[in-house]
Amino acid sequence: CVTYNTVINGLCKAGETSLAERVLREDMCKWDIKPNLRTFSSLIDGFSNERKVDDALRLFNEILDKGMVPNTTVYNSLLNCFLKQGFVEYARYLLSSMMDSRTSPDHFTYTILVEGFLRNGFVKEAFECHQKMREESLCKDVVSYNILINYFCKHGKIKEAKQMLANIITSHLVPDVITYTTLMDGCCKLSGVDDALHVFDGMVKYEQRPNVVTYNTIINGLCKEDSVDAARFIMDEMMRTGLHVDVLTYNTLLNAYCNRESFDEAVSLCLHMRKLKVMENESTYNVLINFVCKFGFFQLAKELLKAMIDRGIFPDQITYTTLIASSIKSCSPPEVLEMHDFLVLRGVIPD
RNA sequence: CUGACAUGUAUCUGU
C-alpha cells in the first residue's frame, strides 16, 4: 500500500490524477490492496490542483461510502480545493460537517481557511481564523502570518505588513525565508528596493538564508527601478556562488532588456538560458511576444506562438490578451478573429 | 519500540 501511495502521489503531483485513479481502480483492486486515507488525500489534492472540484468531491463521498472516517488531512485537502475554486459556501458547509464529526482542525486547517477567506474577499473572517488559531495554541508555524503579510503587501499596506513581522517575533515564532521574501517583495513594490534591502539585512542577521526566490524578488525590484545592470550583477553573483538561477530569474531580466530595447542583451540572455538548460515557460514566450508586438511585428509574434506550441508550452490568457490587443492595432478584423479562434481552439479561455 | 507514503504561504509576463 505504501508503494502504491508513493506512485499515486507522484502521478497526482505530476498533474496525472486521472491516471493515478486508474492505478487505484485497476492495479490495487487486482492485488486486493486496500487504499487508505493517504491514498484518497493524494487524489483529492491532485484533482484540486487540476481544478476538478467534482472529482475531488466524488472521492470524498467514496471515502464515506466505504465506511471510512475522513481525518483532518482529508478535510483539509477538500477545504483547500473548495476555497481555491471560490466555493466558499461549500467550504463552510464542509467545515461544519468536520466539526459535527468531531474531527479537530489543525494548523493546516486554519491556514487553509485564512488563505481561502482572503482569496475570496472575506477579510474579517480570515483574521478571525488567524486569531482563533492563536487562541487555541494551534499556531505552530509562521505560515498564517506569511499569508497575512502577503495580503497586506498586495493591498498597499506595507506598514501593517511590517507590523506582522514584529508580531511573529513577539509570539516567539521564527520568521522564515518566505516571511522575509514576501515582505521584501512588498517593499519593492511599495517603498522601494532600498527598503527591501533593509529587510534583507534583517533576514541575514536572524540567520535565514536567502534563496532563489529572494534574489529573484530583488532582481525584479531593481529592474522595475530601471537598475537593470545592478539586477544582472546579482544574477551573475548567484551563479558565481553556485546558487542556481531559475526560469523566473531569466524572465525577469529578459523582460527588462526588452523594455529597455536592449535587443542584443535580450538575445544573448536567451542563448545563455539554453546553454544552462533552463527550460523556458509561458511567461518567457509572453515576454518575447509582447516585445515583438510592441514594434508591430505581428508575423514574428505568430512565429513565436508556433514555436511555443511546438515546444509543448500552451498559450495562456496573457498570451491571448497580448496577441489580440496587438492584432487589433495592426491587422484586419478577419485576422483578429482568426487569431482568436486559433487560441480558443488551443484551450485558451479569454477573460 | 523504530522507520517509509497524503494537506497550507513568497518572486517573472498582457489589459
Side-chain angles (χ1 to χ4, degrees), chain A residues 1-10 12-13 35-46 48-49 70-81 83-84 105-116 118-119 133 140-151 153-154 176-186 188-189 196 210-221 223-224 231 246-256 258-259 280-291 293-294 315-326 328 350-351:
Chain A
C1 185
V2 174
T3 312
Y4 273 103
N5 282 348
T6 310
V7 171
I8 286 175
N9 187 38
C12 291
K13 291 273 184 299
N36 62 16
L37 291 176
R38 287 179 195 259
T39 323
F40 283 105
S41 282
S42 287
L43 290 164
I44 290 173
D45 189 50
S48 171
N49 290 325
N71 64 10
T72 305
T73 304
V74 173
Y75 277 106
N76 289 349
S77 303
L78 193 59
L79 268 177
N80 187 39
C81 176
L83 288 168
K84 284 274 187 320
D106 61 7
H107 60 295
F108 281 77
T109 317
Y110 279 109
T111 54
I112 288 166
L113 290 172
V114 170
E115 199 278 339
L118 285 180
R119 168 189 296 272
M133 168 168 67
K140 297 195 169 47
D141 60 31
V142 295
V143 176
S144 183
Y145 284 98
N146 292 349
I147 292 164
L148 294 177
I149 290 175
N150 193 37
Y151 168 80
C153 289
K154 293 291 185 308
D176 62 10
V177 59
I178 297 186
T179 315
Y180 289 109
T181 305
T182 307
L183 191 53
M184 284 171 57
D185 187 54
C188 285
K189 283 160 184 154
N211 63 16
V212 195
V213 180
T214 315
Y215 288 111
N216 286 347
T217 302
I218 294 288
I219 289 174
N220 186 43
C223 286
K224 294 285 143 54
D246 65 10
V247 61
L248 267 71
T249 322
Y250 281 103
N251 290 347
T252 307
L253 267 164
L254 187 62
N255 187 49
C258 288
N259 287 334
E280 52 280 58
N281 66 8
E282 301 79 10
S283 302
T284 319
Y285 281 97
N286 289 340
V287 168
L288 295 171
I289 288 173
N290 184 45
F291 179 56
C293 280
K294 269 204 315 213
D316 60 12
Q317 275 186 4
I318 297 186
T319 323
Y320 177 91
T321 318
T322 310
L323 284 167
I324 295 298
S326 163
I328 286 173
D351 54 0

J.: So what does A/Thr73 touch, heavy atoms closer than 4.0 Å: a base, only the sugar-phosphate, or nothing?
T.: base
J.: Students often get this wrong, so: under 4.0 angstrom with heavy atoms, is A/Thr111 touching a base, only sugar-phosphate, or nothing?
T.: base
J.: Please examine the side chains of A/Thr214 and A/Thr217, heavy atoms only from C-beta on, and report whether any two atoms are closer than 4.5 Å.
T.: no
J.: Contact class for A/Thr322 (heavy atom, under 4.0 Å): base, sugar-phosphate, or nothing?
T.: sugar-phosphate
J.: Using the side-chain hydrogen bond (donor to acceptor under 3.5 Å, both in side chains) rule, take A/Asp106 and A/Asn76 through it: C-alpha gap first, then chi angles, then the decisive distance, then the call.
T.: CA-CA 9 Å; A/Asp106 61 7; A/Asn76 289 349; 3.2 Å; yes
J.: Applying a 4.0 Å non-hydrogen cut-off, can you work out what A/Asp316 is touching in the nucleic acid: base, sugar-phosphate, or nothing?
T.: nothing
J.: At 4.0 Å (heavy atoms only), tell me whether A/Lys189 reaches a base, stays on the sugar-phosphate, or touches nothing.
T.: sugar-phosphate
J.: Answer with base, sugar-phosphate or nothing: what part of the nucleic acid does A/Asn49 contact at a heavy-atom distance below 4.0 Å?
T.: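 No contact.
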J.: Any side-chain to backbone donor/acceptor pair from A/Ser48 onto A/Ile44? Under 3.5 Å, distance only.
T.: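 Flag not set: sc A/Ser48 to bb A/Ile44 has no pair under 3.5 Å.
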J.: Go through the structure and list residues passing salt bridge (charged side-chain N to carboxylate O under 4.0 Å, His left out) with A/Glu282, not counting sequence neighbours.
T.: none
J.: Just call it for A/Val287: base, sugar-phosphate, or nothing, with non-hydrogen atoms closer than 4.0 Å on any strand.
T.: sugar-phosphate
J.: Considering every strand and a 4.0 Å limit on heavy-atom distances, what is the contact class for A/Asn36: base, sugar-phosphate, or nothing?
T.: nothing
J.: Reckon A/Ser77 touches a base, only the sugar-phosphate, or nothing at all at heavy-atom distances under 4.0 Å?
T.: sugar-phosphate
J.: Answer with yes or no whether the side chains of A/Asp45 and A/Ser42 bring together a donor and an acceptor at under 3.5 Å.
T.: no
J.: Under the side chain to side chain contact (heavy atoms under 4.5 Å, CB included) test, which residues partner A/Lys224, sequence neighbours left out?
T.: A/Asn220
J.: Mind checking which nucleotides bracket the chain A contacts on RNA chain B, 5' to 3', with an atom under 4.0 Å from a heavy atom?
T.: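 Footprint of chain A along RNA chain B, 5' to 3': B/rA4 to B/rU15.
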J.: Mark yes or no for whether A/Ser326, through its side chain, and A/Thr322, through its backbone, hold a donor-acceptor pair below 3.5 Å.
T.: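 Such a contact is absent between A/Ser326 side chain and A/Thr322 backbone.
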J.: How is A/Asn211 classified with respect to the nucleic acid when contacts are heavy atoms under 4.0 Å: base, sugar-phosphate, or nothing?
T.: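 Base contact - A/Asn211 has a heavy atom under 4.0 Å of at least one base atom.
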J.: Base, sugar-phosphate or nothing for A/Lys294? Non-hydrogen atoms, less than 4.0 Å.
T.: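 Counting heavy atoms under 4.0 Å across all strands, no contact is made by A/Lys294.
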J.: Mind checking if A/Ser283 touches a base, just sugar-phosphate, or nothing, with heavy atoms under 4.0 Å?
T.: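 Contact class for A/Ser283: base.
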J.: Heavy atoms under 4.0 Å, any strand shown: does A/Thr252 hit a base, just sugar-phosphate, or nothing?
T.: sugar-phosphate
